[in-house]
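Taking it in order: structure first as structure tokens, then the write-up.
Residue numbers start from 1 in every chain, and the chains themselves are labelled A, B, ... in the order their sequence lines are given, proteins ahead of strands.
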Protein chains: 2
Amino acid sequence: MTAKALRYYETVGLLPEPDRTASGYRDYPETVLDRLRFIRAAQAVGLTLGEIRGVIAFREAGRPPCAHVLELIEGRAADLDTRIVELAALRDELRRLDERGRTLSPDACSPGLVCHILNPAAH
Amino acid sequence: MTAKALRYYETVGLLPEPDRTASGYRDYPETVLDRLRFIRAAQAVGLTLGEIRGVIAFREAGRPPCAHVLELIEGRAADLDTRIVELAALRDELRRLDERGRTLSPDACSPGLVCHILNPAAH
DNA sequence: CTTGACCTTCCCCTGAGGTGGAAGGTTGAT
DNA sequence: ATCAACCTTCCACCTCAGGGGAAGGTCAAG
């Protein structure tokens, strides 16, 4: 959490504009710490700053964002399920390619194809 | 594979500069098709264009890139293993958060924390 | 001859979440 | 008085793999 990040959060609407000292320095209230802890916690579970802003907007509209947060959490969990399956399939394909590649002789690898492990000769 | 993509591949060194016709049009040899198939295959298994360029560099240096390709494949597979474990842990945490969040009353959600599901009160 | 469909180079834009630096002002300690 | 270490604003830049579109040249068909 750098000073730069705080300014960025301010520009994207995650932090309210703080009061300024007489010389123009930002004078944050203590309460910003809770806000920042929320942002960190939300980021840690994979929410984007845009989603986090949406949650904060609920709160600033005076309503508890809990139901919305649960939706986001469930949506993200479902996304992850999908993503994990995709990545596992890719990993399995990589392992198969590796197994097969080990049985191939580099001497038989055609320059034009770059590498026959990834680019087998067209049938 | 758009024309734009071909030009991009050329600028990043994945394609050799093709000959030109008298009027300046690119005049690709047939062999570019094998190259493009290689690029597609390599991208499909998750290699970046930078890695693909490295593989091609081996080939253009006159050596079969097979051993290097196997390293990349194994590295990517290992990365995926790690990534999958991380994502699964995150998903599990999201499910736990969801379970717990359902038991919490929105009425008890403190405005300062934004939402107590993600940001429980510091003890 | 003209039209439409190509091609060329060039530069800027995308999204996410910031980071880096320049130019200038302020503060607290020496 | 000066110095370092802050702060301010603003603008640019980073990754990644291209996409959009302007301004201008070319090719084949009608």
Check the hydrophobic clustering (I, L, V, M, F, W, Y; side-chain heavy atoms under 4.5 Å; chains of links allowed) and say if V55(A) and L36(A) are grouped together. yes
Residue mapping more 5' on DNA chain C - nearest nucleotide basis, A5(A) or A22(A):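 Result of the comparison: A5(A).
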Given [options], the nucleotide with the shortest approach to the side chain of [X]:
X	options	value
L49(B)	dG17(C), dA17(D), dC7(C)	dA17(D)
R26(B)	dG19(D), dT9(C), dT26(C)	dT9(C)
S23(A)	dT8(C), dT27(C), dC10(C)	dT27(C)
Q43(B)	dT9(D), dG18(D), dT26(D)	dG18(D)
R20(B)	dT8(C), dA17(D), dG25(C)	dT8(C)
Y9(B)	dG18(D), dG20(D), dT19(C)	dG18(D)

Quick one: label T2(A) by what it contacts on the DNA or RNA (base, sugar-phosphate, nothing), any heavy atom closer than 4.0 Å.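 Here T2(A) touches the backbone only, sparing every base.
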Which part of the nucleic acid, if any, lies within reach of R7(A) when heavy atoms closer than 4.0 Å are counted: base, sugar-phosphate only, or nothing?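 Here R7(A) touches the bases of the nucleic acid.
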Starting at atom [atom1] of [X], determine the distance to atom [atom2] of [N], rounded to an integer number of angstrom.
X	N	atom1	atom2	value
L14(A)	dG18(C)	CG	P	9 Å
L6(A)	dT9(D)	CG	P	13 Å
Y8(A)	dC11(D)	OH	P	17 Å
L36(A)	dG17(C)	CG	P	16 Å
E10(A)	dC10(D)	CD	C1'	14 Å

Residues, nucleotides or ligands: over 12 heavy atoms within 6.0 Å of [X] [atom1]:
X	atom1	value
R26(B)	CZ	yes
R83(B)	CZ	no
R100(A)	CZ	yes

Hey, does the side-chain of K4(A) have a donor or acceptor N/O within less than 3.5 Å of a partner on the base of dG21(C)?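 Result: at least one qualifying N/O pair found.
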Of L47(B) and Y25(A), the one whose closest DNA chain D nucleotide lies more 5': Y25(A)
Point-to-point distance, once rounded to the nearest 0.5 Å, from CG of D19(A) to OH of Y28(A):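 Reported to 0.5 Å precision, the distance equals 11.5 Å.
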